[in-house]
Amino acid sequence: MENKPKFIPDPQLQLMDQVLETLRYYHYARSTEKTYCQWILQYIYFFNKERDPKDMGEREVEAFLSHLASVKNVAASTQRQALNALVFLYRDVLHLPLDQSIAPVRVKRKRHPPTVLTEEEVQNVLAQMKGTHLLMAKLIYGSGIRLMECIRLRIQDLDFGQGKLFIRGGKGRKDRVTFLPRSIQGELRQHVERVKELHRRDLAEGFGEVYLPNALAKKYRKAGWETPWQYVFPSKTRSVDPRSGKERRHHVLESGLQKAVKAAVKKSGIDKRATVHTLRHSFATHILENGTNIRVLQELIGHADVKTTEIYTHVMRRDIDGVKSPLDRLYNQ
């Protein structure tokens with residue numbers, strides 16, 4: 001944020017409209033936009049809408065965050081999310097930065113071992129799935145990517161020649177590279193061909209432009225209509241972008257895959273609380289069991305701190321084999 005020009009929202013707008021204007025100026029993700037707005041509104045309602053945030057400061061923020069910890073019993077990550085939203089409000093919207101010494105009652109962060117499926121359980125879950133959801137689940141387990149990283153993949157992020165998958169702007173806005181399992185490259189190629197045909201039809205109907213962040217859209221003005229920028233997993237229907245008002249084909253909703261995995265776990269008779277993210281946990285655990293160095297795993301899954309990656313050592317088995325994508329081991333590739 002320090003490298004960006006200082007933005008002053010329109011003072012004639014209501015506060016929440018100023019918040020939205022600022023979020024969109026800095027190109028925050030839609031999910032972040034929604035979350036920050038919710039926390040800022042909760043902060044305002046906490047004081048019964050009787051006080052303007054610009055007339056409050058560190059003491060009120062501490063009171064609100066302490067209430068979340070001691071009364072609402074929220075998780076540490078939830079309290080930190082609320083703090084980030086309020087830091088954004090005061091720093092970038094009101095231009096009244098909070099003192100860094102702010103000290104609310106802190107939620108104690110508890111590290112729980114992740115839920116992990118065995119290779120046999122993963123195979124049973126995948127056997128209950130079909131179509132695009134199956135392909136997405138295989139990709140997440142086979143490459144260790146996050147749900148939204150899978151959802152937001154562009155065609156140009158797939159490197160079939162080198163067997164690599166490029167993750168652009170992942171968590172923390174970081175780029176990284178992981179591998180593209182050989183066992184799904186054939187069906188993934190076929191899927192991409194269907195996506196290209198869908199894009200050709202959109203172009204023929206006068207559409208075909210995909211969303212690009214504003215900076216890229218300005219730099220590459222025709223890129224939005226080009227095939228490499230299209231989503232790997234596009235929505236079945238076009239929709240109107242609420243920000244630009246343009247009719248476009250966005251990526252699929254994450255809820256579809258979440259529901260498909262939940263149903264597959266239930267059909268498999270597995271009693272663990274397994275979700276889409278469990279496939280990523282399983283990837284990390286299985287690849288450690290296969291002998292991969294933990295630093296390599298840290299790079300593959302995009303953890304900022306190796307201590308986060310070390311949690312998988314608590315749930316891994318100790319048998320060591322050759323380093324290979326766990327999905328490829330399922331299909332003997």
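For the numbers below, each heavy atom of this structure counts, side chains included, while hydrogens, waters and symmetry mates do not.
Annotation: side chain of Gln123 is not in contact with side chain of Ser268 (no heavy-atom distance under 4.5 Å). Residues Met16 and Cys37 have side chains in contact (heavy-atom distance under 4.5 Å, counting atoms from C-beta outward). Using a 4.5 Å heavy-atom cutoff, the side chains of Val93 and Leu15 are in contact. Using a 4.5 Å heavy-atom threshold, the side chains of Val232 and Asp157 count as separate. You'll find the side chain of Val177 stays beyond 4.5 Å of the side chain of Asp159, heavy atoms only. Looking at heavy atoms from C-beta onward, Leu330 lies out of side-chain contact with Ser183 at the 4.5 angstrom threshold. Looking at Leu188 and Leu135, their side chains come closer than 4.5 Å, going by heavy atoms from C-beta outward. Ile8 places a side-chain heavy atom less than 4.5 Å from the side chain of His95.
The cluster map of Ile, Leu, Val, Met, Phe, Trp and Tyr, joined by side-chain heavy atoms under 4.5 Å apart, puts Tyr90 and Tyr45 in the same cluster. Ile294 and Ile287 fall within a single hydrophobic cluster, where Ile, Leu, Val, Met, Phe, Trp and Tyr side chains are chained together by heavy-atom contacts under 4.5 Å. Side-chain heavy atoms closer than 4.5 Å link hydrophobic residues (I, L, V, M, F, W, Y) into clusters, and following such links, even through other members, never connects Val195 to Phe207. Under the 4.5 Å side-chain contact rule for hydrophobic residues, Val87 and Tyr36 share a cluster. Neither Leu20 nor Tyr25 shares a network with the other; the hydrophobic side chains, linked directly or stepwise wherever heavy atoms of I, L, V, M, F, W or Y lie under 4.5 Å apart, form separate groups for each.
A search for ring-ring contact (aromatic ring centres under 6.0 Å, His included) contacts involving Phe47 returns Tyr43, not counting sequence neighbours. Taking the side-chain hydrogen bond (donor to acceptor under 3.5 Å, both in side chains) definition, one finds that Lys54 meets it with Asp52, sequence neighbours left out. Every residue meeting the ring-ring contact (aromatic ring centres under 6.0 Å, His included) condition with His277, not counting sequence neighbours, appears here in chain and number order: His281. Shown here are the ring-ring contact (aromatic ring centres under 6.0 Å, His included) partners of His250, two or more places apart in sequence or in another chain: Tyr231. The side chain to side chain contact (heavy atoms under 4.5 Å, CB included) search around Lys267 returns Gln128, not counting sequence neighbours. Among residues two or more places apart in sequence or in another chain, the side chain to side chain contact (heavy atoms under 4.5 Å, CB included) test is passed with Ala223 by Leu212, Tyr220, Glu226, Trp229. With sequence neighbours excluded, no residue forms a side-chain hydrogen bond (donor to acceptor under 3.5 Å, both in side chains) with Glu58. Applying the side-chain hydrogen bond (donor to acceptor under 3.5 Å, both in side chains) test to Asp17 and every residue at least two apart in sequence or in another chain returns nothing. In this structure, the side chain to side chain contact (heavy atoms under 4.5 Å, CB included) partners of Thr78, at least two apart in sequence or on a different chain, are Trp39, Val74, Ala75. Taking Arg249 as the reference, Asp202 meet the side-chain hydrogen bond (donor to acceptor under 3.5 Å, both in side chains) condition, with sequence neighbours excluded.
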Apply side chain to side chain contact (heavy atoms under 4.5 Å, CB included) to residues Gln38 and Lys34 and explain how you reach the verdict. CA-CA 6 Å; Gln38 288 175 340; Lys34 181 179 179 181; 3.6 Å; yes

Please evaluate residues Tyr28 and Phe88 with respect to the criterion ring-ring contact (aromatic ring centres under 6.0 Å, His included), reporting the C-alpha separation (whole Å), side-chain torsions for both, the decisive distance (0.1 Å), and the verdict. CA-CA 11 Å; Tyr28 279 82; Phe88 168 82; 5.3 Å; yes

Given His191 and Phe233, is the ring-ring contact (aromatic ring centres under 6.0 Å, His included) satisfied, shown in steps? CA-CA 9 Å; His191 172 82; Phe233 300 107; 5.1 Å; yes

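Arg194 has no carboxylate O lying under 4.0 Å from a charged side-chain N of Glu197, or vice versa, which leaves the two without a salt bridge.
Within the 3.5 Å criterion, the main-chain N or O of Leu180 finds a donor-acceptor partner in the side chain of Gln185. A donor-acceptor distance shorter than 3.5 angstrom exists from the side chain of Ser244 to the backbone of Lys246, with no hydrogens or angles considered. In this structure a side-chain-to-backbone donor-acceptor pair under 3.5 Å is missing from Thr115 to Thr278.
Screening residues 121-156 for ring-ring contact (aromatic ring centres under 6.0 Å, His included) gives Tyr141-His286 as the qualifying pairs, with residues at least two apart or on separate chains.
With Glu149 as the partner, the salt bridge (Lys or Arg N to Asp or Glu O under 4.0 Å) test is satisfied by one option alone out of Arg168, Arg176, Lys174: Arg176.
Residues near Leu253 contribute nothing to a hydrophobic cluster around it, because no ILVMFWY side-chain heavy atom sits closer than 4.5 Å to its side chain.
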